[in-house]
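Below, each value reflects all heavy atoms present in this structure, side chains not excepted, and no hydrogens, waters or symmetry copies.
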Amino acid sequence: MNESNTYENLPIAWKPSDEVIEKAQLTKFMEQIGVSGWDELYQRSIEDVESFTAEVLKFLDIKFDPPYEKLLDTSEGIEWSKWCVGGGLNITEMCLDRWIGTDVEDQAAIIWEGEEGEVKQVTYKELKKQVEDCAAGLRINGLEKGDAVGIHLPMMIETVVALLAINRIGAIAVPVFSGYGVSAIQSRLNAVKAKAFFTCDGFPRRGKDIDAFSIALESLTDCPTIQKVFTIGRLKEDSGLIKQKFVDWSVLMKHGSFGGWKLNFPLSTDANDPAIILYSSGTTGRPKGIAHVHCGFPIKAAQDMAFGTD
């Protein structure tokens, strides 16, 4: 039995109204490229990947400076495809700067709810300011374009700020699962020769406080390339550490806010410069790293958000 026949026999859980269909982003995109139905849309996406992707970039209003010279280059083989070759793109400008001065700037960019029930939110305008301060703080602390920076944090607003700030200065974010043990953290930081590291004092999980900081601290004993450790107080206001290598989040942000107004702009990055290095869990062998560029994973995520979670 093929897949389509399997689904034909299942009850329909929800069917969009005509009004929902009319207002849907996917409907608008189909009108843009001149297709009338799902099957035709799918065929267009697989028969002419290059022109389909160009239409997606147009629909999402992704801007390049300078413009890309070639949309898709497979000259080194399909597994080494390069997109938007020659184009300039720092993805944080598309996430933040584009909304300033529009109605969107005062809308919620992040809504966070902690396990304790506390709820916080920041607008796009507020998020941009926090990212600028963090980015300037990183540069004041010696971080530069191309440096790898580990992120060992739970789900927090500061996690998003750190990620975007790292990319804003052209550095490479390396997320490290907050539940990893010492050896798992060490292997990933050493593989990318991480220059800095974000961590926190701990976080609540299923009613218990997890001591993330002790694990992070032990991990750093065998990570010789780490020069700065940025600590965030998730359970307390600050980590209480006063050491040259350790910088509290509040200090990082304060330095960026007061002393880094010349350093908070997005650094010029190529569309194919690495933005994030993600590692597999390592459950099936040695952890495998995947490098995502500014014109890769972030734009695919934007496409999925526009069409899949509209």
Side-chain angles (χ1 to χ4, degrees), residues 16 20-74 81-111 122-125 127-128 131-132 160-161 163-168 170 172-173 265-276 278 290-310:
V20 169
I21 293 173
E22 182 182 357
K23 292 181 178 180
Q25 295 279 23
L26 189 57
T27 302
K28 296 175 184 176
F29 179 68
M30 291 168 66
E31 291 172 351
Q32 174 182 303
I33 65 175
V35 301
S36 57
W38 169 257
D39 291 337
E40 188 178 355
L41 175 68
Y42 175 67
Q43 286 302 314
R44 177 75 68 85
S45 74
I46 62 175
E47 290 175 357
D48 193 344
V49 175
E50 191 167 349
S51 67
F52 182 85
T53 303
E55 292 290 349
V56 169
L57 292 172
K58 178 181 175 183
F59 184 81
L60 296 175
D61 195 26
I62 305 296
K63 293 181 170 62
F64 297 83
D65 183 21
Y68 57 81
E69 300 165 3
K70 184 177 179 60
L71 182 62
L72 176 59
D73 181 2
T74 59
S81 299
K82 291 183 177 62
W83 294 89
C84 306
V85 178
L89 176 68
N90 185 308
I91 197 62
T92 68
E93 293 184 89
M94 295 295 96
C95 295
L96 299 171
D97 301 65
R98 67 185 293 183
W99 305 119
I100 304 306
T102 74
D103 293 340
V104 176
E105 73 173 10
D106 293 320
Q107 295 180 18
I110 306 171
I111 302 173
V122 293
T123 66
Y124 281 90
K125 187 175 183 178
L127 179 59
K128 179 174 180 284
V131 170
E132 287 178 334
V160 180
V161 173
L163 171 65
L164 292 172
I166 291 166
N167 286 164
R168 198 165 182 83
I172 307 166
F265 54 88
L267 266 69
S268 176
T269 51
D270 186 88
N272 284 284
D273 281 343
I276 307 171
L278 295 176
I290 305 168
H292 294 285
V293 298
H294 283 258
C295 189
F297 171 75
I299 291 178
K300 184 61 174 71
Q303 178 187 339
D304 291 345
M305 293 301 103
F307 300 150
T309 62
D310 178 18

task: List in chain and number order the residues that pass side-chain contact (heavy atoms from CB on, under 4.5 Å) with Asp61, two or more places apart in sequence or in another chain; answer none if no residue qualifies.
output: Lys63, Arg98

message: Filter on side-chain hydrogen bond (donor to acceptor under 3.5 Å, both in side chains), then keep only pairs touching residues 48-58, sequence neighbours left out; what's left?
response: Gln32-Glu55, Asp48-Ser51

- prompt: Nearest 0.5 Å, what's the CG-CD1 distance between Leu41 and Ile33?
  reply: 5.0 Å

query: Would you call Ile62 and Leu89 a side-chain contact if the rule is heavy atoms closer than 4.5 Å?
result: yes

- request: For side chain to side chain contact (heavy atoms under 4.5 Å, CB included), just list the numbers for Asp304 and Thr309, CA-CA rounded to whole Å, side-chain angles, deciding distance to a tenth of an Å, and then say yes or no.
  value: CA-CA 7 Å; Asp304 291 345; Thr309 62; over 6 Å; no

Sequence-distant partners of Ala291, side-chain contact (heavy atoms from CB on, under 4.5 Å), two or more places apart: Ile277

message: Ser268: which residues meet the side-chain contact (heavy atoms from CB on, under 4.5 Å) condition with it, sequence neighbours left out?
response: none

message: Taking Thr92's backbone N and O only, do any of them form a donor-acceptor pair with Asn167's side chain (distance below 3.5 Å, no angle check)?
response: no

- prompt: If only atom types and distance count, is the side chain of Thr27 paired as donor or acceptor with the main-chain N or O of Lys23 below 3.5 Å?
  reply: no

task: Report yes if the distance between the aromatic ring centroids of Phe59 and Phe307 is under 6.0 Å, otherwise no.
output: yes

- prompt: Got more than 12 heavy atoms from elsewhere within 6.0 Å of CG, Asp103?
  reply: no

message: Going by the rule side-chain contact (heavy atoms from CB on, under 4.5 Å), which residues pair with Thr102 if we only count those two or more places apart in sequence or in a different chain?
response: Trp99, Val104

task: Could you check if a side-chain atom of Thr123 sits within less than 4.5 angstrom of a side-chain atom of Glu105, using non-hydrogen atoms only?
output: no

Thr74 to Ser81 - nearest heavy-atom pair and separation: CG2-OG, 3.6 Å

query: Could you walk me through whether Ile172 and Ile166 pass the side chain to side chain contact (heavy atoms under 4.5 Å, CB included) check?
result: CA-CA 6 Å; Ile172 307 166; Ile166 291 166; 5.6 Å; no

message: With heavy-atom distances below 4.5 Å as the criterion, would you say the side chains of Val131 and Leu96 are in contact?
response: yes

- line: Residue set satisfying salt bridge (Lys or Arg N to Asp or Glu O under 4.0 Å) with Asp273, at least two apart, ordered chain then number -> Lys145

- request: Grab the two heavy atoms, one from Thr269 and one from Gly170, that are nearest each other, plus how far apart they are.
  value: CG2-CA, 3.7 Å

task: Calculate, to the nearest 0.5 Å, the distance between atoms CG and CD belonging to Leu164 and Glu132 respectively.
output: 11.5 Å

- prompt: Taking all non-hydrogen atoms of both residues, which atom of Asn272 and which atom of Trp83 are closest, and how far apart?
  reply: ND2-O, 2.8 Å

Nearest non-hydrogen partners of Leu60 and Ala306, listed with the distance: CD2-CB, 3.9 Å

- request: Start with the C-alpha gap between Leu163 and Ile276, add the side-chain angles, then the distance that decides, and say whether side chain to side chain contact (heavy atoms under 4.5 Å, CB included) holds.
  value: CA-CA 9 Å; Leu163 171 65; Ile276 307 171; 4.3 Å; yes

message: With side chain to side chain contact (heavy atoms under 4.5 Å, CB included) as the criterion, how do Asp106 and Tyr124 come out once you've worked through the C-alpha distance, each side chain's angles and the decisive distance to 0.1 Å?
response: CA-CA 6 Å; Asp106 293 320; Tyr124 281 90; over 6 Å; no

- line: Between Asn90 and Leu267, the two heavy atoms sitting closest are ND2-O, 3.0 Å

query: To the nearest 0.5 Å, how far apart are CD1 in Ile100 and CD in Glu93?
result: 12.0 Å

- prompt: How far apart are the closest heavy atoms of Phe64 and Cys84, and which atoms are they?
  reply: CZ-SG, 3.6 Å

field: Under 3.5 Å: donor-acceptor pair, side chain of Asp73, backbone of Lys82
entry: no

message: Looking at Ile91, is its backbone amide N or carbonyl O close enough to the side chain of His294 to form a donor-acceptor pair, meaning the two atoms are under 3.5 Å apart?
response: yes

CZ on Arg168 to NZ on Lys128, rounded to 0.5 Å: 5.5 Å

- request: Show the numbers, then the answer: is there a ring-ring contact (aromatic ring centres under 6.0 Å, His included) between Phe29 and Phe52?
  value: CA-CA 11 Å; Phe29 179 68; Phe52 182 85; 5.5 Å; yes

message: Distance check, rounded to the nearest 0.5 Å: Arg44 atom CZ versus Met30 atom CE?
response: 10.5 Å

- prompt: Distance from Lys125 atom NZ to Gln107 atom CD, nearest 0.5 Å?
  reply: 14.0 Å

Heavy-atom donor-acceptor pair, Gln43 side chain to Asp39 backbone, under 3.5 Å: no

